[in-house]
2 protein chains.
Amino acid sequence: MRILLLEDAPALGEAVRDQVAEEGHAVDWMQTLGEARACLATTGYDLLLLDLWLPDGSGLELLKHCRRAGNTTPVIILTARDQISDRIAGLNAGADDYLVKPFDLSELSARIAAVARRYAGNPNPLVKVGELEVDLVSHSLSRAGHGVELTAREWALLEAFMQRPGALLSRTQLEDRLYAFGAEVESNTIEVHISRLRKKLGRDAIETVRGMGYRLGQA
Amino acid sequence: MRILLLEDAPALGEAVRDQVAEEGHAVDWMQTLGEARACLATTGYDLLLLDLWLPDGSGLELLKHCRRAGNTTPVIILTARDQISDRIAGLNAGADDYLVKPFDLSELSARIAAVARRYAGNPNPLVKVGELEVDLVSHSLSRAGHGVELTAREWALLEAFMQRPGALLSRTQLEDRLYAFGAEVESNTIEVHISRLRKKLGRDAIETVRGMGYRLGQA
DNA sequence: GCGATTCTGACAGCAGCCTGACATCGCGCC
DNA sequence: GGCGCGATGTCAGGCTGCTGTCAGAATCGC
């Protein structure tokens, strides 16, 4: 396959390039958005490996632009640390998979192989929290193997928790997350939504910290 | 097979010619409408590869002319990127498939192979979703074994869903997909098209996720 | 036991969605 | 050019069920 690698860190870029090349793929390694854009305009690729944070912009922009243009080339995102928010944004923008830095080169190989297979009908990547399996692409969710439907607000709540795993979120933080600026909410809306979420996810899925807020259970 | 390639850009034309020739097909590469017309008049082809924008006119004219004359030779259109209107016009004019520039030569090979298979009487690979069978190559579709005709917009919608199986697509994503940049759409066009698609595909084919978007049913 | 806090069932209002009807546009045909 | 037809965009009326609100019950900490 012909692969475009966009990664500004020299050490990592070189390592990835060598690894992938060794497996028989043709790799074009670019270090800036501009270069990558130029390559995309002139060459067809079978796979894109995108770092999100680059000196001249975000790889997300590149991805969105491609998708808007009808380009369906598979994309694997390389995110810094455990920025689930980045992953969510990436998958929403049309990425197929993601890898968290630092990653094992053999894991990268596995994902590349998986992407190749995906065209044979493999499922979307899943994020697991306890007995929950979250599919950020299809916005679907299963609990202990059984499908669960969420409403828009419930999904937004769950996303808020997933972006900062294990974090304690105050009611105010959650409100800021669910409602646009200025849209003040009175009463105990958040509590009600937490209650509804618990009914669907299981009572222990969300832990109450009295006087402080809520936390997504790690059980 | 004997293939007529009509493409005025020298670099691309040469690359395509070499690639296709390498796969054992006979290629006649022409750079103007006039030349191509002359070839068509004197030679029988198994496949036409048409660029739409040429120095002396539009490949569309050639295509329409052929179809009007009862010529059913398979046609693959090579469009500049983002020109969705061109694609729609091309398909309406009787093209069998299109490729968006820049495209991967291997993708071109795949499409040509698909044409060759059909030519040899073998069916294209079908994608099945529920009771639907979709042939993305020949742009044909059947529901529960019975053929279904879709309009251009309906195809574009269905394609968007098929390219990311199971994904939840927001109204905005779908709009980006159906309409070129800048062509702002007001009102509930997407909803209406979804409704029309459902009428043809069956009510359960497309699932509504209130407040978030739509998903192609997996049933 | 008592106050503070949180949970949850019930309900009404309305945002979001569906769909039939109509206007418009482009295209082919005569 | 005139005509007919199908595709597409727009709109409005009607319906569904999400969502915010409230109040009473339950729980917690002391």
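In the text below, chain A, chain B and the rest are named by the order of the sequence lines, each starting its count at 1.
Between N188(B) and T151(A), the one whose closest nucleotide on DNA chain D sits nearer the 5' end is N188(B). Map E191(B) and E154(B) each onto its nearest nucleotide of DNA chain D; the residue landing nearer the 5' end is E154(B). The 5' end of DNA chain C is approached more closely, in terms of each residue's nearest nucleotide, by G211(A) than by the other of G211(A) and R210(B).
The closest side-chain heavy-atom distance from L150(B) to L197(B) is below 4.5 Å. Residues L157(A) and L178(A) are in side-chain contact: their nearest non-hydrogen atoms beyond the backbone lie under 4.5 Å apart. In this structure, V209(B) and Y214(B) have side chains that are not in contact, with every pair of non-hydrogen atoms separated by 4.5 Å or more.
Counting any heavy atom pair closer than 4.0 Å across all strands shown, R153(A) reaches sugar-phosphate atoms only and no base atom. Residue R196(A) is classed as a base contact, given a heavy-atom separation below 4.0 Å to a base.
T208(A) and R198(A) share a side-chain donor-acceptor pair at under 3.5 Å.
Closest to the V192(B) side chain, of the nucleotides dC18(C), dT6(C), dG20(C), is dG20(C).
Taking 4.0 angstrom as the limit, R203(B) places a side-chain polar atom (N or O) nearer than this to OP1 or OP2 of dT19(C). Within the 4.0 Å cut-off from OP1 or OP2 of dT5(C), not a single side-chain nitrogen or oxygen of Y214(A) is found. For the pair H193(B) and dT8(D), the criterion of a side-chain N or O lying under 4.0 Å from OP1 or OP2 is not met. Of the side-chain N and O atoms in S195(A), none sit less than 4.0 angstrom from OP1 or OP2 of dC7(C). At dC7(C), none of the side-chain N or O atoms of K199(A) fall inside 4.0 Å of OP1 or OP2 (strictly under the cut-off).
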